[in-house]
Amino acid sequence: MLDAAAIANDTSFMLSRIQFAANISFHILFPTINIALCWILLFFKVRYNQTQDESWLRVYRFWVRIFALTFAIGVVSGITMSFQFGTNWPGYMETVGNIAGPLLGYEVMTAFFLEASFLSIMLFGMDRVSNRVHTMATVLVSFGTTLSAFWILSLDSWMQTPAGFEMIDGVAHVTSWLEVIFNPSMPYRLMHMLLASGLTSAFLIAGISAYRLIKGDNKKSVKQALNFSVTLAAVLIPIQIFVGDLHGLNTFKHQPAKVAAMEGVWQTDTGIPLLLFAIPNQEKRENSFEVRVPNLASIILTHDSKGEIKGLNDFIDAHPPVAPVFFSFRIMIGVGVLMLMFSWLATYHFVIKKRYPTWLLKTAIAMTFSGWLATLAGWYVTEIGRQPYLVTGILRTKDAVTTTAPENIVMSLTLYLLIYGFLLIAYIRTLFVMANRAVILEQPNASITGAENAPEVKIPLTTFSNENKGAQ
Amino acid sequence: MMDAPLDWLPMVFVGLMGLSFLVYAILDGYDLGVGVLLPLDNPSQRDSMIYSIGPFWDANETWLVMAIGLLLVAFPKAHSIIFQALYLPTALMLAGLILRGVSFDFRTKAPSTEKQKWDFAFKFGSLLATMSQGYMLGRYITSFDDSWLSVGFASLSAVCVTAGYCFIGAAWLVMKTEGELQRKAAKWAKITNILMAIGIIVVCFTNLLIDQQIMDKWLGGIQVLIIVPITFLFGFTFVTVHIYLGKVPMENDVGCWYPFLAAILLFILCFCGLAYSFYPYIVPFKLTIFDAASARESLWFIFVGAAVVLPMIVGYTIFSYKVFWGKTTKLNY
Ligand code: HDD
Ligand code: HEM
Ligand code: HEM
């Protein structure tokens, strides 16, 4: 078996996995922000329409520019994704192309064109179309991003929990599109992801607004944005935890090996404890350094303290690598708990005390990208937890891989990693550059208007324009 | 696969896919071309040029996703063969598209001292993308042959496709801008117009020599007569555009849209020529449209969607062009 071709193939396989994981991990960072940010922008705009309060328009204008930047990176990294299937996973389309193809096709036709066409009107059209049309364009872009999440999550969920098809000569053929699209894990994954997006945006807005406050930016719009985002987070996080629990129960039913890895259960048993911490050891097939809460895992997953949970030893050769799933899961939950504590505390301060203490603002800054962390961790649980399958029970990942020479993949992977590393730094840095600029910008106006309570003085909003060179 | 040989559904899909590639080449063609043409020494002209494509590039690029999507969806086997064969140029093209796509936004948001660097990234990314696309086209035409002759041909194709994109980009600028920039654009258009003409002639002859089947198709019977009107149309368009460009700016800007229209016509002609040469193959001389097609029920499912959605896409594309009609102005959020 150990001939040169097999080794080359193994290397291609490893490299393709790393490349795919790198590409999708990079891509998802930006949609996660945008799916919700777009609806949030709509909210800001509608608030402005209702109240005619200029500071809502300010919030809108500041965030729409960040939205545009995020969107651009989302689009170009997404285009890379759509080539990956052919270049690195040819076996994927050859086996399940009849299902994956149409779902991807619908995403392009119904969602991408809608977003891309109305985006320019939303971004640059404010003085070219009526206010109504502009608001409509914002609605359509929001709708488009959500629709795109719908289709791609439908496909991803189908890969987790396939349904509505039959295999003929090793190729999947659809028997029911409805079952394919609304496969068993789809509703949970869609809900969980949309909420994740809301939380990611909320914490981003909170973090950047807190940063501006600490830098001495006392404009009303900054506080509005902070209050809004903190409240949003406080509302979404309990729902997210609830939906996450349902999601886990559903996974327990359909992908028991994944749950066993998430919980670090090796041996099928009843009354399984919840592991707060442990280090899974796949060689010895046991955990070390366990910190456990007796029976709790059984209670969560089966609602019975003596409930049975299947262990990894029942799935020899068909279960995922345990440690990454186990740890990613704990990172996601950990961040979720932090989000809950932070957002409720902050809401308490804002509602009862009417002001935020500095340490809370600093925490908000520290948590600016916490949504990214939880989202990536969550996706690693989902995707690594599905291994060794690409499509659960139907197609193993290694059977789908390209025959392209490893050297080629080394080159493309290096190229992508360099670009992504560079862009990630540039993106984060630019966010703070924009925040700093907004602090300085309009300081003169701020003194005229007192910034706070003088809505009758019109602040020239053109100072927000794209090209404000005086603002550095 | 199991379908009767002349099933109409794969035909519809190959038509849709071809149309998407064509629309992509025209639309993203002009904005890529504008990117390649960005002058290194003139920041304010760079601004105007980028404003002229700002509202459009995203939707333009979506046609690539659509075309690749249709290839993936309707002809998955062909998609695998083509993109494994073109693995590295694809990666380079994507790197180029990423660079330019993000530079467009970073340039106005990063500190102003860095704006120029992003502009260069924009130009370089556009160039990388057009060169890779031309190279890929060349490799495709020679059926992914590895000989140095074929690679040489592909490199030539890279230059010619870039010239073609620059031509349509310059023509776009002639239509969308005024004053000095317009005059400059007319000059660019004139040069690239000639380069493109040379490119087309070389590709036509190479194409004929590549395979007896193609030779027979064009020269093997009465259809040889069609070459006459086509050549005439090509010649007429090239010459009139050339003359027109020499006269820019015209009084009242009469006919400023003509070079752009001519560019579209040329793109369509080239595309039809290639399509005719290679039909019914989707991977030249290896795989036909019918062998590569997906299962019928899947094609049918997308077909229904496409019939509903495509007219809507055309509708809002037109709407968006109408909103940003006329000479370019500064873009404000
Ligand atoms: C949950 C959401 C989600 C997930 C899991 C993915 N995407 Fe995505 N994608 C989006 C949500 C999204 C979005 C919100 O719709 C984006 C982000 C910015 C944008 O323009 O649309 C997008 C953009 C985007 C684009 C550019 C669209 C355009 O031109 O406007 C492409 C081609 C893809 N994606 C393709 C993919 C592929 C092939 C994926 C998986 C393998 C994938 N995306 C995962
Ligand atoms: C957007 C969030 C996603 C993230 C962060 C993500 C992440 C990952 C990661 C880390 C792996 C590697 C698992 C391993 O090999 O150990 C993987 C595998 C894979 N995922 Fe996803 N994924 C996401 C969504 C999707 C979607 C939407 C699809 C398909 C439509 C998909 C298709 C695949 C494929 C084909 C593989 C196999 C390649 C591989 O093992 O690397 N993923 N993904
Ligand atoms: C604290 C309570 C939470 C619970 C109980 C929970 C539960 C889960 C479970 C069980 C999965 C894996 C499902 C599967 O692969 O079958 C998952 C995935 C995921 N989680 Fe969470 N989660 C929680 C919090 C969060 C938070 C705060 C975020 C982000 C802000 C988040 C984002 C994600 C994402 C993006 C995925 C992958 C996509 C998906 O499968 O839905 N989760 N979550």
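Within every chain, numbering begins at 1; the chains are lettered A, B, ... in the order of the sequence lines, protein sequences first and strands thereafter.
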Find the one option among Gly97(A), Ala72(A), Pro102(A) whose heavy-atom pairs under 4.5 Å with chain B are most numerous.
->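 Sorted descending by pairs with chain B, the first entry is Pro102(A).
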Return the minimal non-hydrogen interatomic distance between [X] and [Y], and the atom names on each side.
{"X": "Val309(B)", "Y": "Met109(A)", "result": "CG1-O, 3.1 Å"}
{"X": "Ser82(A)", "Y": "Val65(B)", "result": "OG-CG1, 4.4 Å"}
{"X": "Thr62(B)", "Y": "Ala116(A)", "result": "OG1-CB, 3.5 Å"}
{"X": "Glu61(B)", "Y": "Ile79(A)", "result": "OE2-CD1, 3.2 Å"}
{"X": "Tyr420(A)", "Y": "Ile98(B)", "result": "CE2-CD1, 4.2 Å"}
{"X": "Val304(B)", "Y": "Tyr106(A)", "result": "C-OH, 4.3 Å"}

At a 4.5 Å cut-off on heavy atoms, which part of [X] comes close to chain A: side chain, backbone, both, or neither?
{"X": "Trp300(B)", "answer": "neither"}
{"X": "Tyr321(B)", "answer": "neither"}
{"X": "Ile68(B)", "answer": "side chain"}

Contact class of [X] relative to chain B, heavy atoms under 4.5 angstrom:
{"X": "Tyr416(A)", "answer": "side chain"}
{"X": "Gln19(A)", "answer": "side chain"}
{"X": "Ile121(A)", "answer": "both"}

With a 4.5 Å limit on heavy-atom distance, are the side chains of [X] and [Y] in contact?
{"X": "Phe113(A)", "Y": "Met312(B)", "answer": "no"}
{"X": "Phe56(B)", "Y": "Ser120(A)", "answer": "no"}
{"X": "Ile73(A)", "Y": "Phe106(B)", "answer": "yes"}
{"X": "Phe83(A)", "Y": "Leu64(B)", "answer": "yes"}
{"X": "Phe71(A)", "Y": "Asp105(B)", "answer": "no"}

Which is it for Val76(A) and Arg100(B) under the side-chain contact (heavy atoms from CB on, under 4.5 Å) test, yes or no, and what are the steps along the way?
-> CA-CA 9 Å; Val76(A) 292; Arg100(B) 74 189 290 274; over 6 Å; no
